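The structure appears below as C-alpha cells.
Quick note: residue numbers are just sequence positions, from 1. Treat the numbers as computed from the prediction; the structure is a model and nothing was measured.
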Amino acid sequence: MTPSDSHELRQALDALVAAAETAGIDSAAARDEGVRIAAAVAESAIGASGEWVDQTGARSTDEFFEAASSARRWRASPTDLLSALATDSPQHAGAYAKALTGVVAAASELGEPSIGVLGAASATAAAQLAGARQAPSIPPLSRTEATLFPSTTLSSGFPAGQPFSADQFEARQPDFARPGDATMAELARRAGLTPTAPEPVAPTAAQPAPADAPVTAEEEKPKKTVEELLAELDSLIGLDRVKREIHRQTQLLRIDQLRTAAGLTTPTLTRHLVFLGNPGTGKTTVARLVAGIYAALGILSKGHLVEVDRSELVGGYLGQTATKTSEVVAGAIGGVLFIDEAYGLALDQYGAEAITTIVKDMEDHRDDLVVIVAGYPEPMRGFMETNPGLASRFSTSITFQDYTDTELRDIFVRLAESSDFEPTPEALERFKQIVSIEPRDEGFGNGRYARNLLDKAIARHAWRLRDVAEPTLDDLRLLLAEDLNDSNDGEAQNADDEAIGAPILVDVPQTEEMSALEQGSADAAPTADPPSDDPAEPTMSKDTE
C-alpha cells in the first residue's frame with residue numbers, strides 16, 4: 001500500500017526517507033523535514049497534534065507546535081534539502097519533491113479537516129514541486145494526490161512583460177478551482193459541507209495512476225544569467241529603491257571582479273547585507289535573487305538560499321548552540337544564509353553564542369558565503385550592537401518600504417489570477433476601501449496582508465456557491481465585492497465563519513519576516529495558499545515583498 005493510497009503519515013515519512021536514501025542525503029534529516037512540514041500543514045486542524053504525535057513517535061504535543069513553527073516557511077518555499085538537491089543533484093529532486101507531496105497529503109488528513117488546512121496543503125505541495133523545477137522530471141502524482149493538488153505544475157514563468165508580486169514569485173500557487181477538477185467537491189466534502197463523497201477520479205493520460213516510473217536522466221537546465229535574474233527582480237511589484245540598490249551592488253561586484261582579473265588592486269568589499277522592513281515586503285524573495293546573482297557573478301559556488309531564524313540556530317543549553325549554528329552555516333556554504341528576525345539572537349546568552357559563532361564562520365568562509373540578516377529597523381540596530389564584529393561585516397543596509405495601496409491592489413490581482421480567479425471592479429473597489437483604513441504601523445503584513453484578504457475571499461466565494469449545483473465558469477472564477485469582507489464585519493461575519501464549520505483565520509506561513517511578538521496574533525491569520533512571501537538607509541545609497 002503506497003503512502004498516498006493509505007494517507008498514513010507514518011508510511012509517507014517512510015517513503016520520504018527512502019527517496020532521501022536514493023538521492024544520497026541524510027535519511028534522518030529528511031525524516032525530520034517531513035515531520036516538521038507535516039506539522040506546519042496540519043497546525044490549524046483540531047485534534048491534529050495528538051494524531052501527529054502518534055504517527056511520528058514524538059513525546060508530546062509541544063513538539064508538534066515547535067515543529068510547525070520551524071517549518072511554516074516551507075508552506076511557501078521548498079525545504080532546505082530539496083533546495084540543495086535541485087542545485088546539486090537535480091536528477092533526484094523530482095522524486096524527493098514527489099515524496100514530500102505524499103507527506104503533505106497525509107498531513108492534511110490529520111485531525112478535523114478544514115478549508116484552511118486544505119489551502120495550506122495545496123500551497124505547500126505547489127511550493128515543493130516548484131522547488132524541484134530545475135530537476136529533469138517528477139514522477140506522476142498518485143490519484144489521491146491529484147485530487148488534493150489537481151493543477152499543481154512546475155511552471156516558473158509568468159506572462160511576459162507583466163509584473164508579478166514577490167509573494168507570487170515565492171509561492172507559485174496552484175490553481176484551486178479550474179473547471180473539470182474535483183477540487184471544490186473534495187474541499188466541500190472534507191470540510192464537512194456535504195455528506196456525499198466525490199466520484200472516484202479515473203486515471204487519464206494527463207493524470208496517470210500511481211507508477212514506480214524511474215526518473216529519467218536529462219541534462220541539468222543552465223543556471224540563469226545576471227541579466228535574467230535582474231529582470232526577475234525588476235518584474236516584482238514595487239520595491240523601487242530595493243531594485244536600485246541591488247543593481248548598484250551587482251555592478252560594484254562586477255567591476256571589482258574585472259579589476260581583480262586585470263591585476264589591479266581592489267578594496268576589500270563586504271558582501272553581507274542587512275534587510276530592514278516590515279513583514280511581507282519581499283525580503284526573502286530578494287534574498288533568493290541575490291543568491292542567484294552572486295552565483296552568476298562567480299562570487300558564490302552554488303547560489304542556494306538557506307533561511308533560518310533563532311529557533312534553528314539556538315540549542316537547548318550553552319555549548320550546544322555553537323555546534324547547531326555551525327551545522328547551519330555549513331549547509332549554507334556556497335550560497336546565502338538568510339537569518340530572519342535576526343534581532344531575536346540579541347535576547348540572551350544563547351543568542352549571543354550563536355552570534356559569536358556566525359561572526360567566526362563568516363570570516364572562515366568569507367570567499368564562499370554571504371550572510372543576510374533581516375528584521376524590523378529599530379530592533380536590528382540593537383542587534384548590530386551586540387557584537388563588535390557585526391557592524392564591520394554588514395556595511396550595506398537596504399530598507400524595504402511598505403507597499404502603497406495601488407501596489408497592494410496589483411499584488412491582490414496577480415495572486416488571484418495565478419489561482420484562476422478574477423476580481424470584479426466592484427471587488428477591487430471593496431479591496432481599496434479595506435486597505436485605505438488599515439493602519440500602517442509596525443507589523444503591517446503588506447504582501448501577506450493582500451494574500452490573507454484573497455484567502456478569505458476564496459473561502460467566502462466557495463461558501464457563496466454552496467447551493468449552486470452546477471456553477472458556470474464565471475461563477476467559479478469571479479470574486480465579488482461580497483466575497484471581500486473585513487474581519488470587523490460583526491455578527492454576520494461571525495455567523496458565516498461558524499456556518500462553514502472551520503475557522504477562516506488560520507496560521508500564516510512564516511516564510512518571511514514575522515516577529516516573535518507578532519507570531520501569537522498571526523496564528524489566527526488566514527491562509528489558502530500559505531508567506532511569502534513570498535521584503536536603514538544603505539551606506540552606498542538609500543533604499544526600500
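- Within the 3.5 Å criterion, the main-chain N or O of W74 finds a donor-acceptor partner in the side chain of Q128.
- Applying side chain to side chain donor-acceptor pair (under 3.5 Å) to E245 and the options K243, Q249, H247, R241 leaves one that passes, Q249.
- Here the rule is side chain to side chain donor-acceptor pair (under 3.5 Å) with R440, and of D402, D405, N278 only D405 fits it.
- The shortest side-chain heavy-atom distance between L313 and T321 does not fall under the 4.5 Å cut-off.
- Ion pairing between a basic and an acidic side chain is recognised when a charged N comes within 4.0 Å of a carboxylate O; R73 and D80 show such pairing.
- Side-chain contact check for I372 versus I339: every heavy-atom pair is 4.5 Å or farther apart.
- With sequence neighbours left out, S89 forms a side chain to side chain donor-acceptor pair (under 3.5 Å) with Q91.
- At least one side-chain heavy atom of K302 sits under 4.5 Å from a side-chain heavy atom of D88.
- Side-chain N or O atoms of S419 include none that pairs as donor or acceptor with a backbone N or O of A416 at under 3.5 Å.
- Within a 6.0 Å radius of NZ in K360, no more than 12 heavy atoms belonging to other residues, nucleotides or ligands are found.
- Side-chain atoms of R254 and Q251 include a donor-acceptor pair closer than 3.5 Å.
- Although no hydrogens or angles enter the test, the distance criterion places no donor-acceptor pair under 3.5 Å between the side chain of H304 and the main chain of A291.
- Using a 4.5 Å heavy-atom threshold, the side chains of F394 and M380 count as separate.
- Using a 4.0 Å cut-off between charged nitrogen and carboxylate oxygen, E363 and R366 count as a salt-bridge pair.
- Atom-to-atom distance recorded for L110:CG and T56:OG1 is 9.5 Å, nearest 0.5 angstrom.
- Every pair passing ring pair (Phe, Tyr, Trp, His ring centres under 6.0 Å) that includes a residue from residues 37-58 is listed here, sequence neighbours excluded: W52-F64.
- Listed for the E353 side chain is a donor-acceptor partner under 3.5 Å among the backbone atoms of A322.
- Inter-residue side-chain proximity for Y294 and V226 is flagged as unmet; no heavy-atom pair is nearer than 4.5 Å.
- At a threshold of 4.5 Å between non-hydrogen side-chain atoms, the residues D340 and V308 do not count as touching.
- In this structure, T406 OG1 and I411 CD1 are separated by 11.0 Å, a value rounded to the nearest 0.5 Å.
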Practice item. Step by step, work out the salt bridge (charged side-chain N to carboxylate O under 4.0 Å, His left out) result for E63 and R36. Key: CA-CA 9 Å; E63 294 185 23; R36 291 161 62 195; over 6 Å; no
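- Shown here for E109 and E51, the closest heavy-atom pair between the two residues is O-OE1, 4.1 Å.
- Looking at R288, its side chain never comes within 3.5 Å of a backbone N or O of L305 through a donor-acceptor pair.
- Under a 3.5 Å cut-off, the side chain of T386 and the backbone N or O of G382 do not form any donor-acceptor pair.
- At a threshold of 4.5 Å between non-hydrogen side-chain atoms, the residues L408 and F431 count as touching.
- Side-chain contact between T325 and I358 is present, with at least one heavy-atom pair separated by less than 4.5 Å.
- Side-chain contact annotation: R75 with T124, donor-acceptor N/O pair under 3.5 Å absent.
- Salt-bridge annotation for K324 and E312: absent, with no side-chain N of the basic residue lying under 4.0 Å from a carboxylate O of the acidic one.
- With sequence neighbours excluded, the residues forming a side-chain contact (heavy atoms from CB on, under 4.5 Å) with S326 are T357, D361, listed by chain and number.
- Put simply, the side chain of R59 never gets that close to the backbone of V53: no donor and acceptor are under 3.5 Å apart.
- With hydrogens and angles disregarded, a donor-acceptor distance shorter than 3.5 Å links the side chain of N446 to the backbone of P279.
- Side chain of Q257 to backbone of L297: a donor-acceptor contact under 3.5 angstrom is found.
- Under the side-chain contact (heavy atoms from CB on, under 4.5 Å) test applied with I398, the options V274, I246, L276 reduce to a single match, I246.
- In this structure, E407 contributes its side chain and I237 its backbone to no donor-acceptor pair below 3.5 Å.
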